[in-house]
There are 2 protein chains.
Amino acid sequence: VPSLDYPPPIQRLILQLKSLPGLGPRSAERLALWLMQHGDDRTEPLARSLLDLGTLVEACGQCGFFIEKGAACLLCDNEKRNARLICVVEQAADVLRLERSGAYRGMYHVLGGKLSPLDNVTPEDLSIASLVTRVQHTGSEEVILALGSDVEGEATAGYIAEALRPTGVPVSRLAQGMPAGGALDHVDELTLFQALQGRLKMQ
Amino acid sequence: VPSLDYPPPIQRLILQLKSLPGLGPRSAERLALWLMQHGDDRTEPLARSLLDLGTLVEACGQCGFFIEKGAACLLCDNEKRNARLICVVEQAADVLRLERSGAYRGMYHVLGGKLSPLDNVTPEDLSIASLVTRVQHTGSEEVILALGSDVEGEATAGYIAEALRPTGVPVSRLAQGMPAGGALDHVDELTLFQALQGRLKMQ
């Protein structure tokens, strides 16, 4: 006798949810049953939002922050921002965190991660080559590396500083106001503000 | 100047995710960006699974467990199970937990919750009236109340026992093998097995 299980459509949803970051098997099951019980009023808007991501959103070809497809980038196409200042961050969410600190009015460059040999993330997986090209063509006055102060963040900062050395453009990194081992996720806006204000010259 | 935010499609997804049980604003944002970065390969199957719930799955009209639309109920239509034994549970997930314990081969009745005045859950919100009717028409030999041993579970068990008294059918509840204050979510299969074996007669 095969043991009883949920109907296949519910099993498939649990499988999908379980594979998302931060959701274990129990949370996935609880979530799937909650969605089942709440019906189309909840599942349809969520499904629609998921499908909209692929059709309506893309990454800006220059800075890597998210834009609506076909729309101008609110960061790159803003003439009030200093186009000769480039702030390098690991991920798009970091852009919002820096914007909310109010300490920065230049451009951004989203790397898409940080160097991590253990996870097979090499320089080719990050937008480092395009950063070097961008700095060369922009006549940048400074590149600020706003990366986490964990081991991978420090290693990534060192690698990028080295890659930018031939351009002669000054490279700085966030001040040591950041807590040791902390990612940008985990600091408040004041800490970020202080870290930006007290940034240190690297070369 | 309005402060920078994600494009509206990403904001809408974050809003949808944030409203799910167990997902806070930070997890919702992280999940939305993860989905955005992984693209259609991840969002489309998840969206499809969500839409399938409403079109492919329904609750069995008798026991309340989930079935594929139009299909027979694997529990109610199984002639090898004892149709005169009814086990009452709070939610569909509890059916699977009891099945996995291997201690039970009767029928089920999913209440759809437990009595909770604070959350405005009254007897009319649960399938208690249909349980009484079902017991009357089936000629049941016993009704087992497999509810959590928290305050609401105990109150619900007491209310159902009272409602079934006129039928004259014996009503039992799970043995005190369950940890105090625990819901069926939180006990292992062995504890459930022992609790079923040692169930106590209520009237």
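Computation of the quantities below employed the complete heavy-atom set of this structure, encompassing side-chain atoms and omitting hydrogens, waters and symmetry-equivalent molecules. Nothing here was measured: the structure is a model prediction, and the numbers come from that model. In what follows, chains are A, B, ... by sequence order, proteins preceding strands, each numbered from 1.
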How about B:Leu96 and A:Asp5: do any of their side-chain heavy atoms sit closer than 4.5 Å?
-> yes

Is A:Arg30 close to B:Pro21 at the side-chain level, that is, under 4.5 Å between some pair of heavy atoms?
-> no

Can you tell me how far the CD atom of B:Glu44 sits from the CD atom of A:Gln16, to the nearest 0.5 Å?
-> 11.0 Å

Between B:Arg42, B:Glu99, B:Met36, the one whose heavy-atom pairs under 4.5 Å with chain A are most numerous | B:Met36

Residue selection (most heavy-atom pairs with chain B, distance under 4.5 Å) from A:Asp40, A:Leu46, A:Leu15 = A:Leu46

Where does B:Leu75 contact chain A at under 4.5 Å (heavy atoms): side chain, backbone, both or neither?
-> side chain

So do the side chains of B:Pro45 and A:Arg12 get within less than 4.5 Å of each other, counting heavy atoms only?
-> no

Sort B:Thr55 into side chain, backbone, both or neither according to what part of it lies under 4.5 angstrom from a heavy atom of chain A.
-> neither

A:Gln37 versus B:Phe66: any side-chain heavy-atom pair under 4.5 Å?
-> yes

In terms of heavy-atom proximity below 4.5 Å to chain A, should B:Glu68 be classed as side chain, backbone, both, or neither?
-> both

Heavy-atom distance under 4.5 Å to chain A: side chain of B:Arg48, backbone, both or neither?
-> neither

Is there a side-chain contact between B:Tyr6 and A:Val57, using heavy atoms and a 4.5 Å cut-off?
-> no

Atom group of B:Ala71 that falls short of 4.5 Å from chain A, counting heavy atoms | neither

Selection from A:Pro8, A:Ala93, A:Ala32, A:Ser27 maximising heavy-atom pairs under 4.5 Å formed with chain B | A:Ala93

With a 4.5 angstrom heavy-atom cut-off, could you sort out which part of B:Ile10 is near chain A: side chain, backbone, both or neither?
-> both

Is the number of heavy atoms from other residues, nucleotides or ligands within 6.0 Å of CG (A:Leu23) greater than 12?
-> yes

OG1-CG distance between B:Thr43 and A:Asp52, expressed to the nearest 0.5 angstrom = 10.0 Å

Answer yes or no: does atom CD1 of B:Ile128 have more than 12 heavy-atom neighbours from other residues, nucleotides or ligands under 6.0 Å?
-> yes

Indicate yes or no: at least one non-hydrogen side-chain atom of A:Leu53 is less than 4.5 angstrom from one of B:His38.
-> no

So which part of B:Glu29 gets closer than 4.5 Å to some heavy atom of chain A, the side chain, the backbone, both or neither?
-> side chain

Taking the side chain as every heavy atom from C-beta outward, state whether B:Leu35 and A:Leu20 have any pair of such atoms under 4.5 Å apart.
-> yes

When B:Ile14, B:Leu13, B:Leu17 are each screened for side chain to side chain contact (heavy atoms under 4.5 Å, CB included) with A:Ser49, the one that passes is B:Leu13

